[in-house]
Amino acid sequence: MNLKELKNWNIEAEKEIAKKWENSNIFNFNPKTRKKVYSIDTPPPYVNAPVHIGQAITYCYMDFFARYKRMRGYEVLFPLGLDRNGLPIEIAAEKKYNISAFKMSRAEFLDYCKKLLNETSYETKDTFSRLGISFSSYKEGGSLGSVYLTDSEEYRTLTQKTFIELYKKGLVYEDMRITNWDPKLQTTIADSEIEYKNLSSTFNYVKWKVKETNQEIIIATTRPELICTCGRVIFNPKDKRYKSLNGKTAISPLFNKEVPIKAHPLASLEKGTGLAMMCSMGDLSDIQFFRDEKIKPLIAIDICGEMNKNAGFLAGLKVREARKKIIEELKDKGLLEKQENITHRTPISERSGAEIEFIEMPEFYLKQLHFKDLIKKLSKKIKFYPQTARKILDDWIDSISIDWPISRRRFYSTEIPLWYAYDKDKKNKFIAVPPSGHYYKPWNEKVPLNSEVFKDHKKVGQIKDPEFKNLQWTGELRVFDTWMDSSISELFIIKYLEKEDFFKKSYPVSLRPQGKEIIRTWLYYTLLRGFLETGKMPFKEVWINQHILDGKNRKMSKSLGNVIDPQYLLSNYGAEAIRFWSAIEGDLSKQDLSCSEERIKAEQKTLNKILNISKFVMLFEKPKKIDFKITPLDKLFIDYIEELTNFSQREYEKYNFYGPAIKLRNFLWDLFASHYIEIVKNRAYNQEENFSEEECKSAKYTLHFLLERLLILLYPIIPQITSFILLEKGIKVLDSKWPVSKNVKSNSTLLSEIISFNSKIWKEKKEKGLSLKSQISDIEIPKKLKDFEKDLKIAHSLV
RNA sequence: GGUCCCGUAGUCUAGUGGUUUACGACGUCUCGUUUACACCGAGAAGAUCGCAGGUUCGAUUCCUGCCGGGACCACCA
């Protein structure tokens, strides 16, 4: 393939280049480098679904950054991670093989998950390769910059390693607490995994009694089945109606339990009757209330979502059935005054869609409350692009009110590496903590003999000690929240605890690029974990991207059927069109991008324009030496692109590729092609020898100079076409440095003067029905343009 | 409910720390082969710059309110 034969920039040409890059090692990371390291902690996409157009575009942006930084002289660490952990895989396996994790052995279920993962195609990698993403490598392996899998032994070992150390430092503890329980997946989930939906429900006005006065009070509730767990009846301190009730005792209907009545600002004057029953598991605010008021919660729902013995006559029923039953019962006994239909914001598990229940379970917690102020303070050192994204993080940190529950009762995730045993009379519980450095599966492995034994967070000996050796050790069954793995991605890619020298040199990582919707999870948790490991913040800069929307500005979703497949765009319009479009359409860190096929298609034209200009310029030989004077016209355009170089550099440094892309595009179409080339054509050909040899050389030199510079400035955005053309010109842009530009200011008045002069002539010729070549008389060249008189006269055949 | 962002031609966007014809792209229409390019060139139509009010000599730009869209957070017993 060469430039002359290429009529249009096309997909076949791209494929050839992309394939070459994928299989080469030109972007490999050199650990022995003397250059400064620039590292990108990329967000690993899930492998069980094809790459979404949003991911595809954000990776294009990361590639802009990586290629630019290479030109700026950095050794760039730009690894591809593939996420294979956690619930999405389990859910996909259950669906695909029509199985349930709870109806087979654990080993069997994990085999199904692995089977699914093995069958997962490598479409992900292929999409990235076709887009021309310059990952350090496309091969899996252990070296710096290789493709990594989040379920690999190495990765899981690091997760366990960090956990073991945190455990020994006393930063992890197990506690019996009310947690967010997903009854469908049968696991605890974190606050950040809850979403809210407005569901319709019924507000039931229930009759209670006051013990002291025997008067009747009405309390409205959406969860009558929880009356048995009510720990407090509250009313607003400003509510005059109930002032007399303060300190008295309410008697619950059907259960006849005594519940204190107190004023509390959480109660609203307008809602229901103004009296509220606080139950130990109604919703998150109830949990908060019980924590704050130090009331011992009473649990009435078990882990399967069934009522337990605390619920008296409701025991054994599912929550919904219990609700129905108690309403009937209340009606029968005349204890239900009325019912109202309302919509209720209901907490839903993000993963399964099940309604969250609040259940007391023993779970592991990682301490975070102690550190949140410090993390907030330290995070000020991180530069945010855009700056406004920092607020999302700050708001989230402010709202954290409990430690991070890190254990999950699921399967395809990193195992919690602990074993337990009791002494003979079952009085003492011992915990075995293995030495860090291996990947442990406690559910399937015997306790390692070199483990340390802890009791109440204190080390009491070793497994080999005679008192512990013969105890019955059982392995932990729970796994980690997958954010425990994800939150050390930056540590993993720079070989934390593995290549200490390199790690020290490379921490903090240069850039974390990610979506704004996972600021409170991935970003926050990474800051926490990085801080706990190193005492420092893990990133220098964070780049937050917005969303890719469909052409009608709607969020893409499967249910709307408006999802755009990057493979479809690739095979129809090609990578370079997509990349250029995504740069010129807007700044993804500042606004959502609306994905329009029409406009992507339109950028194919720009690519062809570049191709054709290059073909034209390369008709002329580039002067080897500058042994001629550059004409004023040529200087004018050279100054312009020098200024553009400065501008692009300044903006690229701020991760703004939009501003430069637009300006470079305009230069290409509206200055270079339409005006410079049109004027200078004659001088470059110089067939009639109207110009001196020196003037002709100046034109040829300038044509090449402008083209080369334009291509180099565009290279980070559209690397395939630019590197291809530059190579034909003998320039290896992949190894090239960013151009050092002269700090000049171009004369924009003069430039626009030229543009309007040209337009004037073209218009006049058209009006007179003349062809553009034909001569025209009585045109006066403006004084300002006197320097360019000869060029203009000959270009327009002025006589 | 709190905090914040946005509203410019059919579509997408720039912009103005105040005032002449409001930048550009896609699309539409007209005309045209011009020694790189018809995936081209020249040109045209298309916007009361969300609505209302205020400040001002003057507002798309500043202020207030409203309407519409979006994001995040909190909360609804």
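Numbers restart at 1 for each chain; the letters A, B, ... are given by sequence-line order, proteins then strands.
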Reading RNA chain B from 5' onward, which residue's closest nucleotide shows up sooner: Ala220(A) or Ile677(A)? Ile677(A)

Let me know, please, whether Ile662(A) or Ser614(A) comes out on the 5' side of the other along RNA chain B by nearest nucleotide. Ile662(A)

Using atom [atom1] of each nucleotide, how far apart are [N] and [M] to the nearest Å?
N: G15(B); M: A25(B); atom1: C1'; answer: 15 Å
N: A22(B); M: A9(B); atom1: P; answer: 14 Å
N: A47(B); M: U60(B); atom1: C1'; answer: 11 Å

Any salt bridge between Lys663(A) and Glu651(A), counting N to O under 4.0 Å? no

Between the side chains of Asp634(A) and Lys700(A), is the shortest nitrogen-to-carboxylate-oxygen separation below 4.0 Å, so that they form an ion pair? no

Can you pull every protein N or O that's under 3.5 Å from an N or O on nucleotides 38-42 of chain B?
residue : atom : partner   : partner atom : Å
C39(B)  : O2   : Asn608(A) : ND2          : 2.3
C39(B)  : N3   : Asn608(A) : ND2          : 2.8
C39(B)  : N4   : Asn8(A)   : ND2          : 2.5
C40(B)  : O3'  : Lys609(A) : NZ           : 3.2
G41(B)  : OP1  : Lys609(A) : NZ           : 3.2
A42(B)  : N3   : Lys766(A) : NZ           : 2.9

For a quick check of understanding: with a heavy-atom distance under 4.0 Å over all strands, which category does [X] fall into, base, sugar-phosphate or nothing?
X: Asn10(A); value: nothing
X: Tyr573(A); value: nothing
X: Leu611(A); value: nothing
X: Glu517(A); value: nothing

Walk along nucleotides 1-10 of chain B from 5' to 3' and tag each nucleotide B, S or - by protein heavy-atom contact under 4.0 Å, base first, then sugar-phosphate. --S-------

Determine the interplanar angle of the Tyr640(A) and Phe667(A) rings, folded into 0 to 90°, and report it as parallel if under 30°, tilted if 30 to 60°, perpendicular if over 60°. parallel

Over 60° means perpendicular and under 30° means parallel, so classify the ring planes of Tyr385(A) and Tyr655(A), tilted if in between. perpendicular

With Lys338(A) as the cation and Tyr205(A) as the aromatic partner, state whether NZ or CZ is under 6.0 Å from the six-membered ring centre and within 45° of the axis. yes

With a 4.0 Å limit, can you tell me whether Arg520(A) has a side-chain N or O closer than that to the phosphate oxygens OP1/OP2 of C72(B)? no

Correct closest heavy-atom pair for Asn682(A) and Phe691(A) would be C-CE1, 4.4 Å

Measure distances between side-chain N and O atoms of Gln687(A) and base N and O atoms of U35(B), and say whether any donor-acceptor pair falls under 3.5 Å. yes

